[in-house]
2 protein chains.
Amino acid sequence: MEQIKKELLESRGWKVGTVSDFLDLTPEEIIFVEIKLALSRNLKSERQKAMTQRELATKIGSSQPRIAKAENGDPSVSIELLIRAMLATGATPQAIGQIIAGVG
Amino acid sequence: MEQIKKELLESRGWKVGTVSDFLDLTPEEIIFVEIKLALSRNLKSERQKAMTQRELATKIGSSQPRIAKAENGDPSVSIELLIRAMLATGATPQAIGQIIAGVG
DNA sequence: CGTATTTATATCATATATGATATAAATACG
DNA sequence: CGTATTTATATCATATATGATATAAATACG
């Protein structure tokens, strides 16, 4: 199974190998999940350049486990938290916008 | 008071004329609020071109009052909902990205 | 103007994202 | 290899965003 679909499924909390299809996702829902995954990936790579998960967590009043979830595309993490975390790593609105614009 | 600051305050649930200062917002927090307001404004104008609040609400499984709040920058509305609503009005990731990129 | 449609405001119960904590697993590094 | 640091996973109580509902206010429109 290609990596993209695998990530999509896993980000929805699904286990790959289950009969559950992700075909019942509307195009908008797929785009939405892709946006979250794109932000998640970018957060991870940019954060790694600048600080530890614990440092970032402290900076935004969150916790290290929550940052780990954010970086791993956990579906319980909101775009809110992803963006707050990215801004705290130094991301500009321009950079965030470009990441989203690059989806789809 | 200039419109921008007024919107910022109001979006935080504050009444203009209160002594509450918004100077205790970090630069990141200000940018975050501005991103939400920019999305909110865009949702309103684009949705109006295409459908009623009720129609949009039904389309994404939400309610008309919640769409009204989304379009009016109510702080209880998440970026999640704003983006889901925008996608349902036909916005592309490119368009959403550009709006965010235009902040700051 | 008067009626119909649309949007805004208020309230509420509930689902869900949240930070906190503990700890296992992985990685760095001497 | 062995220890320290960092990251991932699990659990939990709680804050907050959610849709539903009722209804007021605004707008469209004949």
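All of these numbers come straight from a predicted model, not from anything done at the bench. The sequence lines fix the lettering, A, B, ..., with proteins before strands; numbering per chain opens at 1.
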CE of M51(B) versus P of dT7(C): gap in Å, rounded? 11 Å

Where the side chain of T89(A) meets the backbone of R47(A), is there a donor-acceptor pair that is under 3.5 Å apart? no

Between R84(A) and dG19(C), does any side-chain N or O lie under 4.0 Å from OP1 or OP2? yes

Kindly indicate whether the side chain of R84(B), heavy atoms from C-beta on, has any atom under 4.5 Å from the side chain of E28(A). no

Within residues 54-71 of chain B, the residues having a heavy atom closer than 4.0 Å to DNA chain C are Q64(B), P65(B), A68(B)

Expressed as a whole number of angstroms, how long is the span from R47(B):CZ to dA8(C):C1'? 12 Å

Roughly how many Å is it from CD in Q53(B) to C1' in dT7(C), rounded to a whole number? 5 Å

Please tell me if the side chains of K59(A) and R54(A) come closer than 4.5 Å, counting only heavy atoms from C-beta onward. no

At 10 degrees resolution, what angle do the end axes of the helix from dC1(C)-dG30(D) to dG30(C)-dC1(D) form when each is taken over five base pairs? 60°

Look at the side-chain N and O atoms of S78(B) and state whether any lies under 4.0 Å from the OP1 or OP2 oxygen of dT18(D). yes

Do N72(B) and V77(B) come within less than 4.5 Å of each other through their side chains, counting heavy atoms only? no

Using whole Å, what does the distance between atom P of nucleotide dA17(C) and atom CD1 of I83(A) come to? 16 Å

If I take atom CD in residue E80(B) and atom P in nucleotide dT16(C), what distance separates them, rounded to the nearest angstrom? 13 Å

Which nucleotide, dT18(D), dT6(D), dT7(C), lies nearest any side-chain atom of T52(A)? dT6(D)

What donor-acceptor contacts under 3.5 angstrom involve side-chain atoms of residues 61-68 of chain B, with partners at least two apart or in another chain?
unit_1 : atom_1 : unit_2 : atom_2 : d
Q64(B) : NE2    : Q53(B) : OE1    : 2.9
R66(B) : NH2    : S76(B) : OG     : 3.0

Between V103(A) and L37(A), is any pair of side-chain heavy atoms under 4.5 Å apart? no

Output the rounded distance in Å from CD (Q48(A)) to P (dT7(D)). 7 Å

Test item: F32(A) and I79(A) side chains (from C-beta on) under 4.5 Å apart, heavy atoms: yes

When you compare the side chain of T26(B) with that of I30(B), does any pair of heavy atoms fall below 4.5 Å? no

Below the 4.0 Å mark, does dT7(D) have OP1 or OP2 next to a side-chain nitrogen or oxygen of N72(A)? no

Does M86(B) reach the side chain of I99(B), with side-chain heavy atoms less than 4.5 Å apart? yes

What is the distance, to the nearest angstrom, from the CG atom on L81(B) to the P atom on dT16(D)? 18 Å

